*Asks:* 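The structure that follows is given in the form of structure tokens.
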Amino acid sequence: MDAHEVNRARAKLGLFVADVFASVPRKDQRAKSDCYLRGLMLDGRRKSIQPMAERLPDGNEQNLQQFVNQSTWDPVPVRQRIAQRMVPQIGPDAWAVDDVSFPKDGRMSVAVAPQYCGALGKQANCQVAVSVHAVSDTASCPLQWRLFVPEEWADDAVRRQKTGIPQEVGHREKWRLALDTIDELAGWGLVPPVVVADAGYGQNADFRDGLSERGIDYVVAVRSDVTVHPHDAQPTAPAWSGIGRRPQPRYRDKPYSVAELAAGQGRQAFTEVTWREGSRGPMRSRFLALRVRLAGVRSRRLAQAAATAREGSWDGVLPEVTLLVEWSAGAEAPTDYWLSNLPADTPPAELVRLAKIRWRIEHDYRELKHGLGLDHFEGRSWAGWHHHVTLVTAAHAFLTEQRLAPKADTANSPSTRSSTPSKTC
């Protein structure tokens, strides 16, 4: 936005800030949040504090530095209000779990470590945050963030103290952070219609099982080496000799990788599906949906533990899910795979739409990073990082509201109305 556009939106922004930052105790802090949001939305190459303060007529670098890096205001209630305000407006078809990386120099920025950096596509020194987004085909918004703390930070007392990591925060795997975030959002009265995720999460049997345990439907990407049995496969047990333990029922045939099973169906089994209108026309490809039973040691152990806890015994039957496969035009073999626990009668076109809806996250990240400076924060502290990310999320939410609002403001415009309680979303 240029200066004219920012000034024109000042009244709406003031109402937005008064609502979203109502939990921030001091009036001057709320005024600084308004100033910081204008700095993020105003055109400019860098969205770190110094250049933003120089561009703003009321910008004061020292005040903004203190507000973001030293002030003790709690960002969580602000994010909660953003989430509760935005979910009814977006009307999400799914929640997308993802993570984003922030390349960094040195080793003193909070939770920085050599690890895979998606922004660079290789191992590099960076921070990583897990995020959950509400997504539809027309809009999206981050709902909550968790900063991933690498193992090397768990017992590094010096760096933890210097960056202010809370004592109770330690190393936790990204898939666990994602489930923790979903639980936190449930505590705010927000429940996903379905969860979508890339293979970094979908490949993990514990993550899928965690969603199922919570009664949450999912459509998650997996790699081609995930193993399954055909849905009609049955476990059997050898005859008992009468000595020792009774043999456990098991699937006696070797499981297939999803790549083997899909390729074995032949290209003719795949049907063309159009899932949305793209900038260059309809987005379409060929897909096949198969009912399968999850194999693999971890999937089997989780199924056994769940059945034993529920019924006291296990009959050896593995859980049944849908395998969705894409065979792109010109490819010699199937190219992409997803697993879903949605009902068996879910239309394949709906599975495809949900599997592909993560494109909205890329839209989010382009605006959050390139437009609003998500990765421009130059501070090193835990509090500073969380304050900056919360303020960027607020700026993104405000802009999303303006795009969703009717052209003429009315009493019921999303930019002015009070939020109603969220439906099951």
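Just so it is clear, the model here is predicted, and its values are computed rather than measured.
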*Asks:* Looking at Arg358, is its backbone amide N or carbonyl O close enough to the side chain of Glu362 to form a donor-acceptor pair, meaning the two atoms are under 3.5 Å apart?
*Replies:*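 Checking the backbone N and O of Arg358 against the side chain of Glu362, no donor-acceptor pair under 3.5 Å is found.
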*Asks:* Once you round to the nearest 0.5 Å, how far does CD of Gln402 lie from CG of Leu13?
*Replies:*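 Spacing of CD (Gln402) from CG (Leu13) equals 8.5 Å.
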*Asks:* Would you compute the distance between atom CG of Leu40 and atom CE of Met52 and round it to the nearest 0.5 angstrom?
*Replies:*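 So the CG of Leu40 and the CE of Met52 are separated by 4.5 Å.
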*Asks:* What is the minimum heavy-atom distance between Gly164 and Trp382, and which atoms define it?
*Replies:*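 Taking every non-hydrogen atom into account, O-CB, 3.6 Å.
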*Asks:* Of Lys356, Arg353, Arg360, which is the lone residue that meets side chain to side chain donor-acceptor pair (under 3.5 Å) with Asp137?
*Replies:*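 Checked Lys356, Arg353, Arg360 against Asp137; only one passes side chain to side chain donor-acceptor pair (under 3.5 Å): Arg353.
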*Asks:* For Leu374, which of Lys47, Glu367, Lys369 qualifies under side chain to side chain contact (heavy atoms under 4.5 Å, CB included)?
*Replies:*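 Of Lys47, Glu367, Lys369, side chain to side chain contact (heavy atoms under 4.5 Å, CB included) with Leu374 is met by Lys369 alone.
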*Asks:* Which pairs count as side chain to side chain donor-acceptor pair (under 3.5 Å) when at least one residue sits in residues 26-41, sequence neighbours excluded?
*Replies:*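 Passing the test, one end in residues 26-41: Arg26-Asp28, Gln29-Ser71, Asp34-Arg38, Tyr36-His388, Arg38-Asp58.
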*Asks:* Do Ser381 and Thr163 have a side chain donor and acceptor closer than 3.5 Å?
*Replies:*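 Their side chains do not contain a donor-acceptor pair, so the 3.5 Å distance test is not met.
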*Asks:* So how far is it from Gln203 CD to Leu339 CG, rounded to the nearest 0.5 Å?
*Replies:*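 It comes to 8.5 Å.
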*Asks:* Taking the side chain from Arg208 and the backbone from Gly202, do they hold a donor-acceptor pair closer than 3.5 Å?
*Replies:*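 Flag set: sc Arg208 to bb Gly202 pair under 3.5 Å.
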*Asks:* Please determine whether side chain to side chain contact (heavy atoms under 4.5 Å, CB included) holds for the pair Arg380 and Val110, giving the CA-CA distance in whole Å, both sets of side-chain angles, and the decisive distance to 0.1 Å.
*Replies:* CA-CA 5 Å; Arg380 293 179 172 182; Val110 63; over 6 Å; no
*Asks:* Any side chain to side chain donor-acceptor pair (under 3.5 Å) pairs touching residues 101-117, not counting sequence neighbours?
*Replies:*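 Checked against side chain to side chain donor-acceptor pair (under 3.5 Å) - neighbours excluded - no pair reaches residues 101-117.
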*Asks:* Fit a plane to each ring of Trp359 and His363, take the angle between them on a 0 to 90° scale, and name the class: parallel (under 30°), tilted (30 to 60°) or perpendicular (over 60°).
*Replies:*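 Plane angle over 60°, so perpendicular.
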*Asks:* Is the shortest side-chain N to carboxylate O distance from Arg160 to Asp155 below 4.0 Å?
*Replies:*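 Looking at Asp155 together with Arg160, the answer is no, because their closest N to O distance does not fall below 4.0 Å.
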*Asks:* Looking only at side-chain N and O atoms, does His229 offer a donor or acceptor that is under 3.5 Å from a partner on Asp253?
*Replies:*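 No, His229 and Asp253 have no side-chain donor paired with an acceptor closer than 3.5 Å.
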*Asks:* For Ser140 and Asp364, run side chain to side chain donor-acceptor pair (under 3.5 Å): C-alpha distance rounded to whole Å, both residues' side-chain angles, the deciding distance at 0.1 Å, then the answer.
*Replies:* CA-CA 7 Å; Ser140 56; Asp364 266 3; 2.6 Å; yes
*Asks:* My understanding is that only one of Thr227, Val325, Val292 makes a side chain to side chain contact (heavy atoms under 4.5 Å, CB included) with Leu261; could you say which?
*Replies:*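 With Leu261 as partner, side chain to side chain contact (heavy atoms under 4.5 Å, CB included) holds for just one option, Val292.
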*Asks:* To the nearest 0.5 Å, tell me how far Leu211 CG sits from Leu179 CG.
*Replies:*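 Answer for the CG-CG pair, Leu211 versus Leu179, is 5.5 Å.
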*Asks:* Any donor-acceptor pair under 3.5 Å linking the side chain of Arg223 with the backbone of Asp336?
*Replies:*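 Flag not set: sc Arg223 to bb Asp336 has no pair under 3.5 Å.
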*Asks:* Does the side chain of Asp99 pick up a donor-acceptor pair with the side chain of Tyr201 at under 3.5 Å?
*Replies:*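 Note: Asp99 and Tyr201 side chains meet the donor-acceptor criterion.
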*Asks:* Salt-bridge test for Arg293 and Glu320: reply yes if a basic N is under 4.0 Å from a carboxylate O, no otherwise.
*Replies:*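 Looking at Glu320 together with Arg293, the answer is yes, because their closest N to O distance falls below 4.0 Å.
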*Asks:* State plainly whether the residues Arg159 and Glu152 are in salt-bridge range, i.e. N to O under 4.0 Å.
*Replies:*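 Salt bridge: yes.
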*Asks:* Using modelled atom types and a 3.5 Å cut-off, is there a donor and acceptor pairing between side-chain atoms of Thr308 and backbone atoms of Ala305?
*Replies:*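 No: the side chain of Thr308 does not pair with the backbone of Ala305.
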*Asks:* Taking atom types as modelled and ignoring hydrogens, do the side chains of Tyr337 and Ser257 form a donor-acceptor contact shorter than 3.5 angstrom?
*Replies:*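 Their side chains do not contain a donor-acceptor pair, so the 3.5 Å distance test is not met.
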*Asks:* To the nearest 0.5 angstrom, please state how far the CD atom of Gln80 sits from the CG atom of Asp74.
*Replies:*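 Going from the CD atom of Gln80 to the CG atom of Asp74 covers 10.0 Å.
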*Asks:* Can you check whether Gln144 reaches Trp188 side chain to side chain, under 4.5 Å on heavy atoms?
*Replies:*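 Side-chain contact under 4.5 Å: yes.
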*Asks:* Is Val196 close to Val97 at the side-chain level, that is, under 4.5 Å between some pair of heavy atoms?
*Replies:*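 Heavy-atom side-chain distance check fails, nothing below 4.5 Å.
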*Asks:* With distance as the sole test, does Asn341 use its side chain to make a donor-acceptor pair with the main-chain N or O of Ile216 at under 3.5 Å?
*Replies:*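 Checked: pair present.
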*Asks:* Step through the shown structure and confirm whether more than 12 heavy atoms of other residues, nucleotides or ligands are within 6.0 Å of CZ on Arg250.
*Replies:*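 For Arg250, atom CZ is not crowded (no more than 12 foreign heavy atoms under 6.0 Å).
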*Asks:* Strictly below 4.0 Å, N to O, side chains only: are Asp206 and Arg176 in salt-bridge contact?
*Replies:*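 Arg176 and Asp206: not salt-bridged.
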*Asks:* Any idea how Trp73 and Phe67 line up, ring-wise: parallel (<30°), tilted (30 to 60°), or perpendicular (>60°)?
*Replies:*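 Because their plane-to-plane angle is under 30°, the rings of Trp73 and Phe67 count as parallel.
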*Asks:* If you round to the nearest 0.5 Å, how far is CD1 of Ile357 from NE2 of His133?
*Replies:*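 That separation rounds to 13.0 Å.
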*Asks:* Is the backbone N or O of Gly106 less than 3.5 Å from a side-chain atom of Asn125, with the two atoms forming a donor-acceptor pair by type?
*Replies:*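 Looks like yes, one N/O pair under 3.5 Å.
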*Asks:* May I have all residue pairs that pass ring-ring contact (aromatic ring centres under 6.0 Å, His included) and include part of residues 282-332, sequence neighbours excluded?
*Replies:*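 Those involving residues 282-332 are Phe270-Trp327, Trp275-Phe287.
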*Asks:* For Glu326 and Ser285, does a side-chain donor sit closer than 3.5 Å to a side-chain acceptor?
*Replies:*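 There is such a pair between these side chains.
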*Asks:* Determine yes or no for a side-chain-to-main-chain donor-acceptor pair under 3.5 angstrom, with Gln123 supplying the side chain and Cys117 the backbone.
*Replies:*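 It does not hold such a pair.
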*Asks:* Indicate the atoms forming the closest heavy-atom contact of Ser340 with Leu351, along with that distance.
*Replies:*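 Answer, listing the atom of Ser340 first, then Leu351: OG-CD2, 3.7 Å.
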*Asks:* Between the side chain of Ser136 and the main-chain N/O of Ala139, is any donor-acceptor distance below 3.5 Å?
*Replies:*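 Judged by distance alone, yes, a pair lies under 3.5 Å.
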*Asks:* Check whether Thr346 reaches the backbone of Leu342 with its side chain - one donor and one acceptor, N or O, closer than 3.5 Å.
*Replies:*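 Checking the backbone N and O of Leu342 against the side chain of Thr346, no donor-acceptor pair under 3.5 Å is found.
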*Asks:* For the residue pair Phe148 and His171, is the inter-centroid distance of their aromatic rings smaller than 6.0 Å?
*Replies:*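 Yes: the rings meet the under 6.0 Å criterion.
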*Asks:* Between Tyr251 and Ala295, is there a donor-acceptor pair closer than 3.5 Å when you use the side chain of the first and the backbone of the second?
*Replies:*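 The answer is no, because no donor-acceptor pair under 3.5 Å joins these two groups.
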